[in-house]
Amino acid sequence: MYSKVTSGGVLGVEGLLIQVETDINDGLPMFHMVGFLSACVKEAGERVRTALKNSGFQIPPKKITINLSPADIRKEGTAYDLPIAIGIMVSMGLIPNDKIENTLIMGELGLDGRINAVSGILPVVHHAVKQGITRCLVPAENAEEAALIRNIEVIPLRTLSEAESYLNEKAVIEPAFVDVEALLDQEDMGELGDFADIKGQEILKRGMEIAAAGMHNILMTGAAGSGKSMIAKCLPTILPRLTFEESIDITKIYSVAGLLKKGQAMITKRPFRAPHHTVSAIALTGGGAIPKPGEISLAHKGVLFLDELAEFKRETIEILRQPMEERRVHISRVYGSYVFPADCMIVAATNFCKCGNFPNLEKCICSEAEIRRYQSRISRPILDRMDISVEAVRVDYDALICEKKSEDSKTIRKRVEL
């Protein structure tokens, strides 16, 4: 008997629908899977057969063929376990075919029949709604993430037996619900610093405010210990609050990267990413055998902070030229092309010289040639892409011990949002 179950996968950070076709016929007992599959998808056969057996469903000794369509797109991940199992149960007559119509199914199976969480749920559900899908069956741990999308019924599942009972109407499962407005209204300055704690550097703080108002790239240059890193870490607290659409875009990236924390349904704060200067080019922009978002994409709609810019490898920094212009990253592989969003604010900090003491000539031990050589590590094309350049001057002792506080982040944010 033939059956077809709708599932989904991810291409870059965008979802796509995958049809899981199952055919059970007379012939030599075998379990055959086709459709341009990766190794982890091919292993789904053993997981599904064992999970079905341990859940009390006996697979008949017949020829079972599974096809994941379209066959010209490479299938990755473990989210196809549950749709394959449901497809087999429909072909066996254990679940009526009409019960899976217009339904998206995703989830990884444990050998005991438990349904485990998978990455990339949000972009797939988001795409499924656009294609007219009205219901989705997902792991319980991913339910809140999927429920962020409106106009679709999200059913959380914990075991394969529970999925069979729900589809056969033996059990009632309440759809998942997330109060999106309440999430967006949460205070987002808890663990971040505040501009009120920064002594002095009024010109630098004003430059940061201007940069935040237009999401401009900014370069801070100054002696070591002048407060460049501290100000950069406070920057997200003065950026405008995220809109719902921006939160969804960011959450899709973190969902694909598998970086959503347990119990975290949506990213409600602007990201702040600060990779170390030893970061590789692939880790910064994304890529790999199975392309994943890099640091610049994880900072989408937020801040990418490059501390000690001159210490980064030159080839690593130069690879940012195109993403800084186009606000996206293009990655081409044999299996296809991927596009990752990279619309972030790049904040960089660097010293004038290697010892970090210039322009204090009493402490600086670098020669003029060494200073020029150090500053030339940052190429002109990168400097041209920095919209604002501000010098962090030395803060006087009197300013440091002054008890009067500067403007706090909430006050500055109100001006930025105007």
Side-chain angles (χ1 to χ4, degrees), residues 188-195 197-198 201 204-205 207-209 211-212 215-240 242 246 249-251 253-254 256-261 264 267-287 292-321 323-324 327 329 340-351 356 377-378 382-383 385-390 392 409 412-413:
D188 61 350
M189 299 185 184
E191 70 278 6
L192 298 174
D194 195 293
F195 269 68
D197 300 326
I198 301 173
Q201 298 294 3
L204 183 53
K205 287 190 286 187
M208 278 294 185
E209 181 181 340
M215 293 294 285
H216 299 303
N217 299 328
I218 183 170
L219 173 65
M220 298 178 289
T221 310
S226 56
K228 302 186 296 295
S229 299
M230 182 179 180
I231 291 178
K233 291 174 182 177
C234 294
L235 178 60
T237 64
I238 67 171
L239 292 175
L242 288 172
E246 289 175 332
D249 289 342
I250 298 169
T251 307
I253 297 171
Y254 277 72
V256 170
L259 295 179
L260 284 179
K261 300 176 183 177
Q264 184 181 27
I267 303 293
T268 58
K269 305 174 184 177
R270 291 193 180 271
F272 179 85
R273 305 292 298 187
H276 193 260
H277 65 261
T278 57
V279 67
S280 67
I282 290 179
L284 188 61
T285 59
K292 293 291 184 182
E295 290 291 337
I296 192 170
S297 295
L298 294 173
H300 182 62
K301 297 299 180 182
V303 176
L304 177 66
F305 179 44
L306 303 178
D307 199 7
E308 303 294 348
L309 182 64
E311 296 295 333
F312 282 76
K313 293 181 180 178
R314 189 173 183 118
E315 57 270 21
T316 301
I317 295 300
E318 294 302 311
I319 205 172
L320 291 177
R321 289 189 187 185
M324 291 173 72
R327 300 295 181 177
V329 177
F340 295 108
D343 186 9
C344 67
M345 178 180 175
I346 294 182
V347 179
T350 185
N351 300 327
R377 291 185 180 185
I378 307 171
I382 293 296
L383 292 175
R385 286 165 171 80
M386 292 295 177
D387 306 305
I388 300 174
S389 179
V390 185
S409 294
I412 299 175
R413 171 182 272 180

query = Do I346 and M386 have side-chain heavy atoms sitting under 4.5 Å apart?
reply = yes
message = Please give me the minimum heavy-atom distance between I253 and P341, naming the atom from each residue.
response = CD1-CG, 3.5 Å
ask   = Can you pull the salt bridge (charged side-chain N to carboxylate O under 4.0 Å, His left out) pairs that have at least one residue in residues 271-283, sequence neighbours excluded?
value = R273-E295
key: Any P271 side-chain heavy atom under 4.5 Å of Y254 side chain   = yes
note = Sorted by chain and number, sequence neighbours left out, side-chain contact (heavy atoms from CB on, under 4.5 Å) with A283 holds for V279, S280
query = M220 versus L204: any side-chain heavy-atom pair under 4.5 Å?
reply = yes
inquiry  = Minimum heavy-atom separation for G207 and V390, please, with both atom names.
reply    = CA-CG2, 4.4 Å
request  = Using a 4.5 Å cut-off on heavy atoms from C-beta on, say whether the side chain of T237 contacts that of D194.
outcome  = no
task = Dump the intermediate steps for side chain to side chain contact (heavy atoms under 4.5 Å, CB included) on R270 and E246, then the final yes or no.
result = CA-CA 9 Å; R270 291 193 180 271; E246 289 175 332; 3.3 Å; yes
query = What distance separates F195 CZ from R413 CZ, expressed to the nearest 0.5 Å?
reply = 11.5 Å
task = Working to the nearest 0.5 Å, report the span between OG1 of T251 and CD of Q264.
result = 7.5 Å
query = Who pairs with I319 by side-chain contact (heavy atoms from CB on, under 4.5 Å), at least two apart in sequence or on another chain?
reply = A281, T285
key: Nearest heavy-atom neighbours spanning G222 and S226   = C-OG, 4.2 Å
query = Roughly how far, to the nearest 0.5 Å, is the CG atom of L239 from the CE atom of M345?
reply = 6.0 Å
ask   = side-chain contact (heavy atoms from CB on, under 4.5 Å) with E318: which residues, sequence neighbours excluded?
value = R314, R321, S379, I382
remark   = Applying side-chain contact (heavy atoms from CB on, under 4.5 Å) to K233 and not counting sequence neighbours gives F272
message = Pair S389, I218 - check side chain to side chain contact (heavy atoms under 4.5 Å, CB included), show working.
response = CA-CA 6 Å; S389 179; I218 183 170; over 6 Å; no
key: Approximate separation, where rounding is to 0.5 Å, of M208 CE and K228 NZ   = 11.0 Å
Donor-acceptor pairs under 3.5 Å, side chain of residues 300-312 to any protein atom, not counting sequence neighbours: which ones?
| unit_1 | atom_1 | unit_2 | atom_2 | d |
| --- | --- | --- | --- | --- |
| H300 | ND1 | D343 | N | 3.1 |
| K301 | NZ | D343 | OD2 | 3.1 |
| D307 | OD2 | S229 | OG | 2.8 |
| E308 | OE1 | N351 | ND2 | 3.4 |
| E311 | OE2 | Y374 | OH | 3.0 |

task = Take N217 and L219 through the test side chain to side chain contact (heavy atoms under 4.5 Å, CB included) and record every step on the way to the result.
result = CA-CA 7 Å; N217 299 328; L219 173 65; over 6 Å; no
request  = Work out which heavy atom in F340 is nearest to a heavy atom in K292; give both atom names and the distance.
outcome  = CZ-C, 3.8 Å
ask   = How far apart are the C-alpha atoms of Q201 and I231, what are their side-chain angles, what is the distance that settles it, and do they pass the side chain to side chain contact (heavy atoms under 4.5 Å, CB included) test?
value = CA-CA 9 Å; Q201 298 294 3; I231 291 178; 4.0 Å; yes
request  = Might you point out which heavy atoms bring C234 and I198 nearest each other, and give the distance in Å?
outcome  = SG-CD1, 4.0 Å
query = Less than 4.5 Å apart, any side-chain heavy atom of L284 and any of L320?
reply = yes
